[in-house]
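Everything below concerns the one structure shown next.
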Number of protein chains: 2
Amino acid sequence: MTTVKEVCRLAGVSTATVSRALKNPELVSAKTRERVFKAVQESGYRPNMLASSVKTGKSNSLVVLVPNLSNPFFMRIIQGIEQAAHEQGYSVLLGDTQGEPAREHEIAGMVLSNRADGLIHLDHSFPFSANDAHLAERVPVVSVCERIMGDKEFPVIELDNYAATRSLAKHLVNYGHKKFGIIAGQRDSQIHLDRLAGIKDVFATEGISFNEDMIVGGAYSIEMGQQGARDLMAKENRPTAIFCFNDDIALGTVFELKRMGIRIPQDVSVVGFDNIKVSAFIDPPLTTIDQPAHDMGRRAVEVVLQIIKGVPLKRNREIFPYNILERESSGPVNPDF
Amino acid sequence: MTTVKEVCRLAGVSTATVSRALKNPELVSAKTRERVFKAVQESGYRPNMLASSVKTGKSNSLVVLVPNLSNPFFMRIIQGIEQAAHEQGYSVLLGDTQGEPAREHEIAGMVLSNRADGLIHLDHSFPFSANDAHLAERVPVVSVCERIMGDKEFPVIELDNYAATRSLAKHLVNYGHKKFGIIAGQRDSQIHLDRLAGIKDVFATEGISFNEDMIVGGAYSIEMGQQGARDLMAKENRPTAIFCFNDDIALGTVFELKRMGIRIPQDVSVVGFDNIKVSAFIDPPLTTIDQPAHDMGRRAVEVVLQIIKGVPLKRNREIFPYNILERESSGPVNPDF
DNA sequence: GGTATATTTGCAATCGATTACATTAATAAC
DNA sequence: GTTATTAATGTAATCGATTGCAAATATACC
């Protein structure tokens with residue numbers, strides 16, 4: 001590995017000059033600058049980022065904590081994160097927790113061990129171990145699309161989940177639906193509560209009774225969508241419209257309903273949440289809420305970098321606008337169903 | 001930030017002892033070891049990974065270079081990579097190139113600048129800039145599911161693409177199909193050629209003439225699938241069976257054909273490649289080739305770690321077995337179509 | 001008990017950068 | 001031409017660890 005010394009030798013200057021020529025070229029005369037560049041070129045020198053990080057105390061990396069990489073929605077966020085991070089000269093460390101707290105603590109620990117300068121959290125769990133909890137204060141953290149549970153309020157980039165489900169609910173109510181089912185993802189998160197609140201709110205003003213019994217599910221997966229569809233259709237008072245709390249669930253629901261011979265939307269309307277890519281290409285295309293995932297990922301980078309740099313945040317919560325996409329999986333109620 | 005000095009102070013020992021107590025506990029007496037642990041506990045000390053990396057020359061990170069994060073197939077590989085890496089104490093840096101060579105060079109450069117110890121490449125392009133090409137020799141690289149073009153032969157973990165398309169072709173020929181279309185992804189890659197070879201081979205033995213004209217497409221995307229379907233159906237001699245070179249393309253093809261009123265598989269059979277999750281849940285479920293993406297990702301980590309550690313590889317190419325999934329998007333030829 | 005050997009510990013060099021401070025060279029001012 | 005400023009460079013300390021070597025301590029052996 002060629003080090004700065006080799007460049008020094010070739011250019012006939014000190015390490016200080018080499019370092020300056022590369023990081024603060026304006027501090028070095030044009031003549032020697034050129035000499036250094038040539039020496040760098042010849043020797044194929046690459047500064048050791050780690051060494052420089054030790055000295056400067058900045059790793060120029062961010063770590064992204066994902067509950068489950070196989071959810072395509074997260075990929076859109078991560079893509080935005082990766083892009084923005086790169087533009088700012090940061091690299092992205094990836095950590096898939098698979099829902100395991102131990103794994104989560106390790107990943108969050110990357111910031112504590114100087115491997116990363118900040119953490120972007122795509123889940124709602126408190127990412128530090130009990131031991132490290134007091135250290136969390138010093139760690140730049142921002143969560144995206146989820147709100148971190150716990151005493152400390154971390155900055156968050158989120159969707160207006162409440163308003164989004166309100167508009168979905170209104171959309172379905174306008175079509176005449178009165179009997180609803182909900183297939184939820186993880187039920188202990190804030191976004192679950194927010195989404196539920198939006199639905200309940202519309203029901204209240206429309207005089208539709210809400211019943212805990214109409215909620216099934218408990219994980220954001222296609223299989224849960226299938227299971228949920230079966231569970232809802234087995235009820236004596238089966239719904240004519242189903243809220244799926246993400247598009248993966250909706251995919252499973254649509255698939256399973258069709259398999260049961262139930263037509264969408266003629267018999268049952270199905271709506272999703274997130275707008276993953278395939279949602280537009282299934283049969284029927286899914287009515288869903290479009291989250292600006294890419295932009296939210298980008299914004300998360302800006303915010304966490306702001307925290308890292310010590311710039312005070314204007315606000316701790318940033319609410320991004322949703323967009324309801326009325327596609328063909330929802331339609332007028334079928335009174336004969 | 002608490003450093004080792006603070007622990008020294010609390011435990012009343014030297015930095016050497018602290019370092020040893022943490023990395024090589026057996027070199028330290030039980031008594032002082034406990035004292036050090038207690039001091040670590042009290043102070044909330046976390047060793048600075050970067051500092052240790054500078055000294056040891058190992059960053060304990062791998063960088064993954066992905067052409068496009070939004071392709072769900074890559075996520076399965078990455079998930080395998082992430083898991084295996086974590087088990088080995090490595091962390092994963094993510095780089096999305098978006099097909100830009102400049103970006104690719106930067107990402108590959110992470111290994112040259114000691115940010116990562118090795119590179120896992122999910123694309124077929126040569127990842128180094130012309131300038132760095134000679135440095136590539138020193139960089140542990142392995143490619144997964146693609147073979148890197150260029151003079152140097154990098155180790156590769158790949159599917160038996162040739163045999164896989166052979167079996168797809170046989171599957172369709174057995175159903176009586178004689179008129180085929182192919183919607184390709186990137187055409188300049190080795191896997192494209194391998195897959196094509198498999199198809200051509202079956203055609204040759206079955207007496208089916210092959211025609212470059214039956215190949216359309218040029219990118220692995222849903223939209224390309226739609227476009228390809230339209231292109232193929234506009235031909236005077238339109239096919240009754242379509243090979244899509246990945247599942248994203250197949251999704252678009254299925255969607256578009258159905259929109260054109262063409263029934264699958266009654267009128268046209270469609271087969272994909274990769275077996276992404278949703279392939280099983282679209283209508284009709286997709287006949288496709290299952291790649292053990294997760295395992296291939298895992299294996300890639302093992303191989304690149306072997307290179308890093310200087311253990312000679314038994315073989316430079318590892319071919320993983322495919323699995324043909326005959327689902328409902330393929331069926332007997334319709335002579336009246 | 002005395003010597004040989006093994007176990008623990010500490011000192012100080014080192015990894016490859018960055019940077020405060022000092023020094024030298026160049027330019028400006030009069 | 002001399003002095004005051006500014007620009008360019010170098011020396012050496014530093015970041016926070018790891019580790020070779022030596023010193024100190026403990027254990028084994030006769």
Side-chain angles (χ1 to χ4, degrees), chain A residues 1-37 39-40 43-61 89 109-117 135 138, chain B residues 1-37 39-40 43-61 89 109-117 135 138:
Chain A
M1 198 50 68
T2 59
T3 77
V4 70
K5 302 260 177 154
E6 174 69 1
V7 180
C8 291
R9 206 178 53 75
L10 288 173
V13 295
S14 72
T15 63
T17 302
V18 173
S19 179
R20 280 190 285 250
L22 296 173
K23 301 266 155 119
N24 299 83
E26 73 280 4
L27 292 180
V28 164
S29 76
K31 203 161 19 143
T32 45
R33 202 190 305 151
E34 282 316 312
R35 217 139 34 94
V36 170
F37 287 169
V40 167
S43 60
Y45 167 71
R46 290 299 188 105
N48 183 325
M49 281 297 300
L50 301 179
S52 108
S53 289
V54 170
K55 185 72 221 254
T56 61
K58 320 242 82 261
S59 67
N60 293 307
S61 306
M110 287 184 172
V111 187
L112 299 172
S113 60
N114 292 54
R115 231 199 233 291
D117 299 332
L135 299 173
R138 323 200 145 279
Chain B
M1 195 53 66
T2 59
T3 76
V4 68
K5 302 260 179 157
E6 174 68 2
V7 180
C8 292
R9 205 179 54 74
L10 287 174
V13 295
S14 73
T15 64
T17 302
V18 172
S19 179
R20 280 190 285 251
L22 296 174
K23 300 266 156 121
N24 300 84
E26 72 279 5
L27 293 179
V28 163
S29 75
K31 202 159 22 141
T32 44
R33 202 190 305 152
E34 283 316 312
R35 216 141 33 94
V36 170
F37 287 168
V40 166
S43 59
Y45 168 69
R46 289 298 186 107
N48 183 325
M49 279 297 300
L50 301 179
S52 107
S53 288
V54 170
K55 182 74 216 235
T56 61
K58 320 241 86 262
S59 67
N60 294 308
S61 305
M110 288 183 170
V111 187
L112 299 172
S113 60
N114 293 54
R115 231 199 230 297
D117 299 332
L135 299 173
R138 323 203 143 280

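A note on names: the letters A, B, ... follow the listed sequences, proteins ahead of strands, and every chain is numbered from 1.
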Problem set entry | Under the side-chain hydrogen bond (donor to acceptor under 3.5 Å, both in side chains) test, residues paired with A:S14 that sit two or more places apart | A:T17
Problem set entry | Nearest-nucleotide comparison on DNA chain C, the residue closer to the 5′ end among B:N114 and B:S29 | B:S29
For this session: Quick one: list whatever passes side-chain hydrogen bond (donor to acceptor under 3.5 Å, both in side chains) with A:S113, sequence neighbours left out.
Result: none
Exercise. Using rotation axes that map the C1' atoms of four end pairs onto the next four (five pairs an end), what angle separates the end axes of the helix from C:dG1-D:dC30 to C:dC30-D:dG1, to 10°?
Worked result: 30°
For this session: For A:V28, report the nucleic acid contact type (base, sugar-phosphate, nothing); a contact means any heavy atom under 4.0 Å.
Result: sugar-phosphate
Problem set entry | Considering all heavy atoms, the nearest A:N60-A:M49 contact | ND2-CE, 4.0 Å
Problem set entry | Residue list, side-chain hydrogen bond (donor to acceptor under 3.5 Å, both in side chains) with A:D117, at least two apart or on another chain | A:S59
Output one line per pair: protein atom, nucleotide atom from nucleotides 18-22 of chain C, and distance, for all N/O pairs under 3.5 Å.
from   : atom 1 : to    : atom 2 : distance (Å)
C:dT18 : OP1    : A:K23 : NZ     : 2.5
C:dT18 : OP2    : A:S19 : OG     : 2.4
C:dT18 : O2     : A:K55 : NZ     : 3.2

For this session: Report the residue (B:G12 or A:K5) whose heavy-atom-nearest nucleotide on DNA chain C is the more 5′ of the two.
Result: B:G12
For this session: Report yes if the side chains of B:S61 and B:M110 come closer than 4.5 Å at any heavy-atom pair, otherwise no.
Result: no
Exercise. Is there a donor-acceptor pair closer than 3.5 Å between any side-chain N or O of A:S19 and the backbone N or O of A:T15?
Worked result: no
For nucleotides 26-28 of chain C, tabulate all protein N/O to nucleotide N/O atom pairs closer than 3.5 Å, reporting atom names and distance.
none

Seminar exercise, completed: At a 4.0 Å cut-off to heavy atoms of chain B, the contacted part of DNA chain D spans D:dG16 to D:dG20
Exercise. With sequence neighbours excluded, what pairs up with A:R46 under the salt bridge (charged side-chain N to carboxylate O under 4.0 Å, His left out) test?
Worked result: B:D132
For this session: Without swapping roles, check the side chain of A:T56 against the backbone of A:S52 for a donor-acceptor pair under 3.5 Å.
Result: yes
Problem set entry | Pairs meeting criterion salt bridge (charged side-chain N to carboxylate O under 4.0 Å, His left out) with involvement of residues 7-23 of chain B, two or more places apart | B:E6-B:R9
Exercise. With sequence neighbours excluded, what pairs up with B:V36 under the side chain to side chain contact (heavy atoms under 4.5 Å, CB included) test?
Worked result: B:V7, B:A11, B:V13, B:V18, B:A21, B:V40
For this session: Could you list the residues that satisfy salt bridge (charged side-chain N to carboxylate O under 4.0 Å, His left out) with B:K5, not counting sequence neighbours?
Result: none
Problem set entry | Set of residues satisfying side-chain hydrogen bond (donor to acceptor under 3.5 Å, both in side chains) with respect to B:T32, sequence neighbours excluded | B:S29
Exercise. Quick one: does B:N48's side chain have a donor or acceptor within less than 3.5 Å of a partner on B:L50's backbone?
Worked result: yes
